[in-house]
Protein chains: 2
Amino acid sequence: MSHNENGFKMRQNEKTSKITIDIVAQKSGFSRATVSRVLNRDPSVKPATAQKILRVVEDLGYTPHSMASALSGGKTKTLAILLPDLLHEYYTQLLAGADTTAEEHGYTLLLKTRNTRKVFQELVEGGRVDAFILRYAGPASFDEDLLKYLRNRRIPYIVIGTPPFLDTHPAVMIDNIGGARLMAQHYGVHGYKRILFITGPDHSNDSKDRLYGFKIGLSEKGVDPERIVVEEGDFSQRSGYEVAKRCLLQDQFDAVFAANDSMALGVIQFCQDRGIRVPEDLAVTGFDDTFFAGHLQPPLTTIRQPMYEIGVVAVLNLLRVMEKGEQVESRVILPTKLIVRRSCGCNGEPMELSNPTT
Amino acid sequence: MSHNENGFKMRQNEKTSKITIDIVAQKSGFSRATVSRVLNRDPSVKPATAQKILRVVEDLGYTPHSMASALSGGKTKTLAILLPDLLHEYYTQLLAGADTTAEEHGYTLLLKTRNTRKVFQELVEGGRVDAFILRYAGPASFDEDLLKYLRNRRIPYIVIGTPPFLDTHPAVMIDNIGGARLMAQHYGVHGYKRILFITGPDHSNDSKDRLYGFKIGLSEKGVDPERIVVEEGDFSQRSGYEVAKRCLLQDQFDAVFAANDSMALGVIQFCQDRGIRVPEDLAVTGFDDTFFAGHLQPPLTTIRQPMYEIGVVAVLNLLRVMEKGEQVESRVILPTKLIVRRSCGCNGEPMELSNPTT
DNA sequence: CTGAAAGCGCTTACAG
DNA sequence: CTGAAAGCGCTTACAG
């Protein structure tokens with residue numbers, strides 16, 4: 001039963017039966033238990049034995065049935081990733097990073113974008129996954145009970161983003177404060193004083209941190225942080241547009257800093273519609289550095305967060321937690337940097353600014 | 001054992017044992033078999049019985065172990081989706097559509113972006129999924145043997161895109177020819193004659209169809225399709241830039257039509273770098289209508305394909321195939337439309353043009 | 001309409 | 001270092 005280039009067709013012709021561990025056992029002359037052991041790299045098996053068995057596995061093109069091994073105590077080798085949606089670049093980059101890293105380590109991702117309690121429960125009770133990656137995005141996405149539940153059941157997990165929980169959980173976050181502070185300092189060099197800040201939705205801690213960091217940077221530059229105007233958006237392009245419409249026509253501003261790029265885009269669109277020149281009449285900046293930021297007119301000055309890398313780090317740390325058991329210290333904060341383009345009023349070459357230490 | 005708002009905590013306290021079908025059987029006074037039947041909506045069960053059992057299921061918060069049911073002949077309720085990557089908007093939109101639709105129907109997606117034969121085999125032999133969604137993207141992503149293999153094993157699948165296979169497989173495609181033809185006709189109204197067409201990679205049938213449709217439209221407008229210049233790209237922004245550099249400095253063109261938006265973007269960037277005005281000196285158009293297309297300067301005229309909907313239709317049709325067995329006629333072609341913005345030389349309001357019938 | 005029993009394909013103590 | 005056996009939690013003929 002040799003193997004040619006076309007391993008598939010051969011099997012089709014046999015067609016007879018699914019190849020099971022028992023067949024491997026029989027052909028190799030060892031027991032099912034021993035075959036299982038070599039498949040799971042049990043070091044107690046004599047190397048020569050392992051050799052022989054592996055050879056048969058190879059010849060037969062045997063692949064263990066993952067459902068069976070999961071049921072009998074093995075692992076599923078799959079990770080659940082819970083995301084609010086896939087429509088924003090932030091989430092897809094995250095997913096791409098997580099997926100690539102998971103595959104590199106032999107894991108598969110199970111994607112869920114409807115994070116109801118029921119979905120969650122089915123994943124856990126159904127024994128479908130070994131661990132969870134949870135992107136926190138507001139109260140609706142999941143609550144602390146869910147995390148406690150996972151913890152009690154000893155199911156490894158990691159959360160992405162800044163949840164408003166008092167308790168600490170394994171998490172990967174970004175330096176929102178440092179990034180926004182950089183922006184404030186840059187506003188300082190431009191001398192902007194009359195500033196509009198557009199927040200994300202009320203529950204977003206990421207947004208809160210950005211505002212906080214921005215205020216810190218402002219006072220460092222001698223601007224009274226309490227004098228800026230703060231308006232609430234919801235991270236959507238539309239909300240940026242709406243806030244702009246509501247505020248820009250009333251008061252006179254030097255600059256607006258939106259808590260993400262989408263809202264900054266909304267602001268810029270409003271300006272275009274009303275003939276407000278950016279950045280001559282008004283500077284506009286964002287947060288994220290999504291793909292379109294660099295292609296806007298004018299190109300958007302923004303804070304870059306490493307979206308893809310967040311996904312990578314999340315699975316890497318989750319894997320560590322899975323290996324070493326629950327009590328691995330696993331909170332990481334990834335750096336952000338200021339990407340200076342033209343919407344802030346600069347007009348030279350694009351440049352990047354990082355925090356000295358964060 | 002009533003259920004309060006916090007179903008999770010309660011279970012934590014019991015902590016004792018996982019709730020299995022046997023526990024449900026015992027508490028309800030029926031056999032395991034009967035419980036299984038009601039869970040699987042077997043119509044032979046007496047309604048009153050089903051009622052009682054369901055009540056117990058509810059009270060206990062019982063969730064079947066999916067690995068166990070999969071192993072014993074049930075379904076996994078999961079669909080594998082194989083994508084070349086997640087970096088391009090095309091794929092993520094596709095994924096978003098597929099994911100939403102799958103969840104609506106009680107399915108979960110298993111995502112794979114490394115489509116090696118090994119990965120494929122593990123999914124099939126490992127019994128991890130009920131069916132496959134395959135995005136065809138060139139020879140490396142998968143070959144016809146794989147499809148035959150699935151077919152022989154009676155594993156439902158659907159392919160997305162236009163594969164170069166002679167044999168027919170369930171598939172969802174888009175009207176590449178019709179879309180490109182629309183573009184050609186629009187070029188006709190602008191009177192463009194000296195035209196550069198940038199293709200995708202050699203193996204891309206989507207690209208070939210776009211070129212084909214474009215030529216048809218051209219001749220309909222009295223332009224000799226053999227006089228246009230055709231250059232090969234690979235769908236990347238960089239390749240668009242490179243082709244532009246190679247060609248635009250040599251010959252004089254009225255317009256370039258790139259087989260996707262990314263390459264069009266590359267061309268526009270090159271023009272910016274060299275001070276070539278778009279569309280005054282050169283019209284540039286693309287294909288896809290990705291998010292950034294409308295935000296480019298000038299906004300990109302392009303052909304819109306319904307990326308999200310492709311994902312939706314793919315799982316819907318796959319579900320039909322799964323229900324009705326293999327021989328469901330299931331090939332669909334989704335329409336495309338011309339989105340006129342400004343990069344083609346128009347300067348009015350944006351507008352859309354569809355094929356009368358496709 | 002319902003139940004007892006076999007079986008899905010593995011893993012893992014328990015012996016030796 | 002290896003094997004026989006029990007068991008994971010379900011589904012599905014087979015009887016009745």
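Predicted, not measured: the structure shown is a model, and the values here were computed from it. Hydrogens, waters and symmetry mates play no part in the numbers below; they use all other heavy atoms, side chains included. Convention: sequence-line order gives letters A, B, ...; per-chain numbering from 1.
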Exercise for the section: State whether a side-chain donor-acceptor pair under 3.5 Å links A/Tyr308 with A/Thr100. Expected result: yes
Fill in the blank from the handout: Per atom distances to the A/Ala33 side chain, the nearest of D/dA4, C/dG9, D/dC10 is D/dA4
Completion exercise
From NZ of A/Lys75 across to P of C/dT12 the rounded distance in Å is 9 Å
Handout entry: Length of the CZ-P vector between A/Phe30 and C/dT11, whole Å
Key = 17 Å
Problem - Value in whole Å for how far the P atom of C/dC10 lies from CD1 of A/Ile21 - result: 5 Å
Practice task
State whether B/Tyr62 places a side-chain N or O below 4.0 Å from either non-bridging phosphate oxygen (OP1 or OP2) of D/dG9.
Solution key: no
Problem - B/Thr113 side chain to B/Asp85 backbone, donor-acceptor under 3.5 Å - result: no
Practice task
Report the distance from atom CD1 of A/Ile53 to atom C1' of D/dC1, rounded to the nearest whole Å.
Solution key: 11 Å
Practice task
Mark yes or no for whether B/Arg331, through its side chain, and B/His169, through its backbone, hold a donor-acceptor pair below 3.5 Å.
Solution key: yes
Problem - Contact under 4.0 Å: A/Ser31 side-chain N or O vs D/dG3 OP1/OP2 - result: yes
Exercise for the section: Determine whether any donor atom in the side chain of B/Ser72 lies under 3.5 Å from an acceptor atom in the base of D/dC10, or the reverse, and answer yes or no. Expected result: yes
Exercise for the section: Could you give the distance separating D/dG16 and D/dT12 at their C1' atoms, to the nearest angstrom? Expected result: 16 Å
Practice task
Say whether, by atom type as modelled, one donor and one acceptor occur between the side chain of A/Asp42 and the main chain of A/Val38 under 3.5 angstrom.
Solution key: no
Problem - Sidechain-backbone polar pair: A/Arg128 side chain, B/Thr76 backbone, donor-acceptor under 3.5 Å - result: yes
Problem - Atom-to-atom span, CG of B/Asp22 to C1' of D/dC10 - whole angstrom - result: 9 Å
Handout entry: Distance-only donor-acceptor check, side chains A/Thr108 and A/Lys77, under 3.5 Å
Key = no
Problem - Rounded interatomic separation in angstrom, taking CD1 from B/Ile19 and P from D/dC10 - result: 10 Å
Completion exercise
A/Met67 atom CE is separated from C/dG7 atom P, nearest whole Å, by 22 Å
Handout entry: Pair pattern of DNA chain D in dot-bracket, where unpaired bases get dots and | marks partners in another strand, Watson-Crick or G-U under 3.5 angstrom
Key = |||.||||||||.|||
Problem - CG on B/Leu71 to OG on A/Ser66, rounded to 0.5 Å - result: 9.5 Å
Practice task
Can you tell me the distance, in whole Å, between the CG atom of B/Leu71 and the P atom of C/dC10?
Solution key: 9 Å
Problem - side chain to side chain donor-acceptor pair (under 3.5 Å) partners for A/Ser72, two or more places apart - result: none
Exercise for the section: Nearest 0.5 Å please: distance from the CG atom of A/Asp99 over to the CG atom of A/Leu94. Expected result: 11.0 Å
Handout entry: Interface residues of residues 34-49 of chain A with DNA chain C (non-hydrogen, below 4.0 angstrom)
Key = A/Ser36, A/Arg37, A/Asn40
